[in-house]
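Following: one structure in structure tokens, then a few remarks.
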Amino acid sequence: MSTSESAPLLSSLRSQPLLAVLRSPQPLALVDRVAQLNGLGLRHVEIAFSAHPAWAEQCRELQLRFPQVLFGAASVRSAEALASVAEAGLGYAMAPVLEPTLIEQAGDLGILLVPGVMTPTEVHQAITLGCALVKLFPAASVGATYWRSLLGPMGPLPFCIAAGGLRVVDVPEWLRQGVDAVALGQGLFADPLDGAAQEPLLDPRLGELMRGLEEGQKPPRGEKISR
């Protein structure tokens, strides 16, 4: 993972440490969702990879419609998925696992692949492989203080994106506890009322969170690896 590959996303996430993860077999079904997030000023949106034959083409269309958004791919676990990410022209990809072969393939394609890690061994592997960014996944299962607890025995640490099982209300505490950014999937949405079947609405607290992030309410971080 070269400095030139990671620098744009690192710079953008340091300015706004929040990502949205959206899922649909056909990305253009997410237009309304992306429009809502874009309207709130959210800059980072991941589209979960699917094997739909039009996935790459529709991702390209989303990028044309929302040029202010830095799009990436989520749930990338195979060479075929990486090839689709490259075809779609997406700026980065996130994996739920640490797979050295995928990281190598992504480098050959000029794609920034952010691997998923959880254990100290996986974090060490990611550092050894030169990963400037990692995704702590599933973050909710280890708690907000986990990443900071690794700093003493393992620091300096890579830039960390916490993902998996987190909600809007959790974001400030996770940032205070030392992760660098947070990715929200289902946690973007409010719980449906009385079992209603309608499409879930964005959590109304998201706007307040975005305003807080824009006002620079981000805590100082521990020592990180610079790439």
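These figures come from a predicted structure and were not determined experimentally.
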Are Leu150 and Phe137 connected in the hydrophobic side-chain network, where two residues link if heavy atoms are under 4.5 Å apart?
no
Shared hydrophobic cluster, Val169 / Leu206 (ILVMFWY, side-chain heavy atoms < 4.5 Å):
no
Give, for atom CG of Leu10 and atom CZ of Phe159, the distance between the pair rounded to the nearest 0.5 Å.
6.0 Å
Which heavy atom of Cys59 sits nearest to which heavy atom of Pro27, and what is that distance?
SG-CG, 3.8 Å
Donor-acceptor under 3.5 Å (Glu122 side chain, Thr119 main chain):
yes
Least distance between heavy atoms, Leu98 atom then Ala126 atom
CD2-N, 4.0 Å
Pair Gln186, Arg23 - check side chain to side chain contact (heavy atoms under 4.5 Å, CB included), show working.
CA-CA 9 Å; Gln186 285 300 113; Arg23 297 184 182 277; over 6 Å; no
Around His52, counting heavy atoms of other residues, nucleotides and ligands shown, do more than 12 lie under 6.0 Å from its NE2?
yes
What one should report as the nearest heavy-atom pair of Leu136 and Cys160 is CB-SG, 3.7 Å
Using distance alone, with no hydrogens and no angle criterion, decide if Ser24 and Gln26 have a side-chain donor and acceptor under 3.5 Å apart.
no
Are the side chain of Tyr146 and the backbone of Met118 linked by a donor-acceptor contact shorter than 3.5 Å?
yes
Heavy-atom closest contact (Leu213 atom, Pro17 atom, distance):
CD2-CG, 4.0 Å
Under 3.5 Å, side chain of His44 to main-chain N/O of Leu70, donor-acceptor pair present?
no
Which of these passes side-chain contact (heavy atoms from CB on, under 4.5 Å) with Ile47: Leu62, Val85, Leu90?
Leu62
On a heavy-atom basis, the closest approach of Phe66 and Val31 is CZ-O, 3.7 Å
Could you walk me through whether Trp174 and Trp147 pass the side chain to side chain contact (heavy atoms under 4.5 Å, CB included) check?
CA-CA 9 Å; Trp174 277 79; Trp147 189 251; over 6 Å; no
Main-chain N/O of Leu102 paired to Arg77 side chain as donor or acceptor, under 3.5 Å:
no
Measuring from Asp203:CG to Glu208:CD, what's the distance to the nearest 0.5 Å?
10.0 Å
Considering all heavy atoms of both residues, which atom of Ala95 and which atom of Lys135 are nearest to each other, and what is their separation?
O-CE, 3.3 Å
Distance-only, no hydrogens or angles: does the Glu61 side chain make a donor-acceptor pair with backbone N or O of Glu57 under 3.5 Å?
no
Which distance, rounded to the nearest 0.5 Å, do you find between the CG of Leu113 and the CD of Glu104?
12.0 Å
What distance separates Leu184 CG from Leu22 CG, expressed to the nearest 0.5 Å?
10.5 Å
Test side chain to side chain contact (heavy atoms under 4.5 Å, CB included) applied to Arg14 and Asp180, step by step:
CA-CA 7 Å; Arg14 283 173 177 143; Asp180 296 282; over 6 Å; no
Does some side-chain heavy atom of Leu202 sit less than 4.5 Å from a side-chain heavy atom of Val168?
no
Value rounded to 0.5 Å, distance of CG in Asn38 from CZ in Arg65:
13.0 Å
I'd like to know if the side chain of Trp55 and the backbone of Ala48 have a donor-acceptor N/O pair within less than 3.5 Å.
yes
Give the cluster check for Phe189 versus Val21: same hydrophobic cluster or not, with ILVMFWY residues linked at side-chain heavy-atom distances below 4.5 Å.
no
For Arg43, is there an ion pair with Glu214 - N to carboxylate O distance below 4.0 angstrom?
yes
What about Val97 and Leu129, same hydrophobic cluster or not, with Ile/Leu/Val/Met/Phe/Trp/Tyr joined at side-chain heavy-atom distances under 4.5 Å?
no
Would you tell me whether Gln36 and Arg33 have side-chain atoms, one donor and one acceptor, within less than 3.5 Å of each other?
yes
Membership question, hydrophobic clusters at under 4.5 Å side-chain separation (ILVMFWY): are Val179 and Met154 in the same one?
yes
Heavy-atom check, side chain of Leu166 versus side chain of Val171, under 4.5 Å
no
Quick one: does Tyr92's side chain have a donor or acceptor within less than 3.5 Å of a partner on Pro8's backbone?
no
Are the charged groups of Arg176 and Glu173 less than 4.0 angstrom apart, N to O?
yes
Return the CG to CG distance between Leu37 and Asp32, rounded to the nearest 0.5 Å.
11.0 Å
Between the main-chain N or O of Ala29 and the side-chain N or O of Gln58, is there a donor-acceptor pair closer than 3.5 Å?
no
